[in-house]
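Counting convention: from 1, in listed order, for ligands and their atoms alike.
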Amino acid sequence: MEEKFCISKNLDLVSEKIHEAERNAGRKEGSVRLLAVSKFHPVDSVFAAASWGQTLFGENRVQEASGKFPEVFEKYPEVKLHIIGQLQTNKVKAAVKIADTIQSVDRLDLIKEIEKQASKINRVINIFFELHTGEESKSGFSSKEEIVDALNYIAEGNAPHVVPKGFMTMAPFTEDEALVRKSFVTLRTVRDELQSSFPQFDLSELSMGMSGDYEIAIEEGSTMVRVGTAIFGERQY
Ligand SMILES: *Cc1c(COP(=O)(O)O)cnc(C)c1O
């Protein structure tokens with residue numbers, strides 16, 4: 001009960017801060033969505049957030065998500081799950097069963113596997129291209145050119161069950177605000193360039209910003225912040 005109270009208070013607070021950051025940046029209220037990252041937290045925490053009204057959740061590991069989310073979907077059919085952690089090819093089959101969106105797409109082969117598995121169960125999966133923009137994180141496509149190749153592959157009609165929606169990045173873990181901001185600006189610039197090269201897709205989503213840096217991300221154009229700790233507390237690994 002205590003825990004549930006805490007989670008809804010945190011959600012109130014984070015939502016208020018998001019709105020404040022939208023206002024400060026001169027952006028429309030509601031232009032930034034909140035993805036609640038529940039990795040390493042029990043399903044009861046997910047239920048607490050869902051009963052508050054949270055509908056978007058993120059998990060890093062497919063196995064953990066597969067253990068938690070089926071019962072969440074049963075009680076809250078409006079809930080959507082995004083996979084945000086590095087995804088091995090052999091986990092794609094399980095991922096497309098539970099996830100609406102895969103944000104951590106970092107290679108063309110992964111797109112091919114998502115298409116293969118999603119087509120088998122007649123589902124359409126949204127994807128974000130993860131771009132490596134900071135020194136410390138190792139995940140993501142390492143260049144814009146590789147993403148262009150992937151977009152061309154989809155544009156040629158090779159992956160009808162895969163819908164590109166935008167981009168994701170993790171800023172470096174540093175106190176240096178300029179470095180964090182640079183990483184977000186890089187993602188936004190790549191989004192703008194690729195959106196004009198591929199007008200047939202809506203690539204408007206920019207998933208950037210976590211508990212420690214989401215206000216900066218909103219200033220730089222984030223459309224979705226991925227917040228774990230500030231909602232659910234510290235993770236017990
Ligand atoms: C864990 C994680 C988050 C949330 O991090 P917090 O600092 O707890 O808000 C966001 N994005 C990704 C990719 C993550 O792995």
Side-chain angles (χ1 to χ4, degrees), residues 3 6-18 21 32-43 45-46 48-49 52 54-66 68-69 80-88 91 95 98-107 110 126-142 165-177 179-181 183-184 186-188 205-237:
E3 166 100 354
C6 237
I7 288 172
S8 49
K9 250 190 7 189
N10 290 342
L11 279 161
D12 283 339
L13 194 71
V14 170
S15 314
E16 184 40 51
K17 282 190 174 168
I18 289 172
V32 181
R33 290 189 294 161
L34 171 62
L35 185 82
V37 179
S38 50
K39 66 183 182 205
F40 288 97
H41 290 284
V43 70
S45 297
V46 178
W52 175 87
Q54 179 63 28
T55 54
L56 271 181
F57 289 86
E59 286 276 343
N60 277 52
R61 298 181 310 167
V62 176
Q63 197 175 0
E64 181 183 345
S66 302
K68 277 151 59 172
F69 275 81
K80 302 252 189 277
L81 177 68
H82 290 200
I83 296 296
I84 59 172
Q86 208 163 33
L87 185 55
Q88 290 171 281
K91 299 280 165 45
I98 52 167
D100 166 83
T101 299
I102 297 173
Q103 292 201 8
S104 40
V105 170
D106 59 359
R107 57 196 191 277
L110 188 58
N126 298 325
I127 65 162
F128 291 13
F129 299 98
E130 181 177 359
L131 182 66
H132 177 201
T133 58
E135 283 319 304
E136 272 117 302
S137 97
K138 44 204 175 320
S139 51
F141 280 100
S142 51
K165 290 283 184 184
F167 302 87
M168 188 267 260
T169 199
M170 271 170 98
F173 298 104
T174 166
E175 296 289 304
D176 186 345
E177 196 183 300
L179 273 182
V180 170
R181 192 177 294 277
S183 160
F184 296 148
T186 300
L187 195 70
R188 187 187 65 220
E205 294 279 8
L206 278 181
S207 171
M208 54 192 203
M210 303 172 35
S211 292
D213 56 20
Y214 66 89
E215 282 143 317
I216 304 172
I218 292 170
E219 287 172 20
E220 297 303 340
S222 172
T223 63
M224 189 179 292
V225 293
R226 309 180 307 270
V227 179
T229 310
I231 296 170
F232 298 108
E234 294 293 332
R235 291 178 281 273
Q236 310 289 323
Y237 291 104

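- Under 4.0 Å from ligand 1, heavy atoms of Ile84 appear from its side chain as well as its backbone.
- Side chain to side chain, Ser139 and Gln86 fail the donor-acceptor criterion of an N or O pair below 3.5 Å.
- The Asn60 neighbourhood of ligand 1 comprises atoms 14 (C), 15 (O), with distances under 4.0 Å to a heavy atom of that residue.
- Remark: minimum distance from atom 9 (O) of ligand 1 to any protein heavy atom is reached at Ser211 OG, 2.5 Å.
- When each atom of ligand 1 is checked for a heavy atom of Val227 under 4.0 Å away, the hits are 9 (O).
- The residue from Met210, Met208, Met168 that puts a heavy atom closest to atom 3 (C) of ligand 1 is Met210.
- Neither the backbone nor the side chain of Gln103 has any atom closer than 4.0 Å to an atom of ligand 1 (non-hydrogen atoms only).
- For Glu130 and Ser104, the side-chain atoms include no donor-acceptor pair closer than 3.5 Å.
- The aromatic rings of Tyr237 and Phe40 lie perpendicular to each other, with more than 60° between the two planes, well past the 30° mark.
- Near Met170, the atoms of ligand 1 lying under 4.0 angstrom from a non-hydrogen atom of the residue are 13 (C).
- Among protein heavy atoms, the minimum distance from atom 2 (C) of ligand 1 is reached at Lys39 NZ, 2.6 Å.
- To the nearest 0.5 angstrom, Ser15 atom OG is 7.5 Å from Ile231 atom CD1.
- Looking at Gly228 next to ligand 1, an N or O pair under 3.5 Å apart turns up.
- With hydrogens and angles left out, the side-chain atoms of Glu59 and Ser38 include a donor and acceptor closer than 3.5 Å.
- Screening Lys80, Lys165, His82, Glu205 against Thr101 for a side-chain hydrogen bond (donor to acceptor under 3.5 Å, both in side chains) leaves a single residue, His82.
- The shortest side-chain heavy-atom distance between Leu206 and Phe128 does not fall under the 4.5 Å cut-off.
- For atom 11 (N) of ligand 1, the nearest non-hydrogen atom of the protein is Arg226 NE, 2.9 Å.
- Remark: Glu16 CD is packed, more than 12 non-hydrogen atoms of other residues, nucleotides or ligands lying under 6.0 Å away.
- Among protein heavy atoms, the minimum distance from atom 8 (O) of ligand 1 is reached at Thr229 OG1, 2.5 Å.
- At least one heavy atom of Arg235 sits less than 4.0 Å from an atom of ligand 1.
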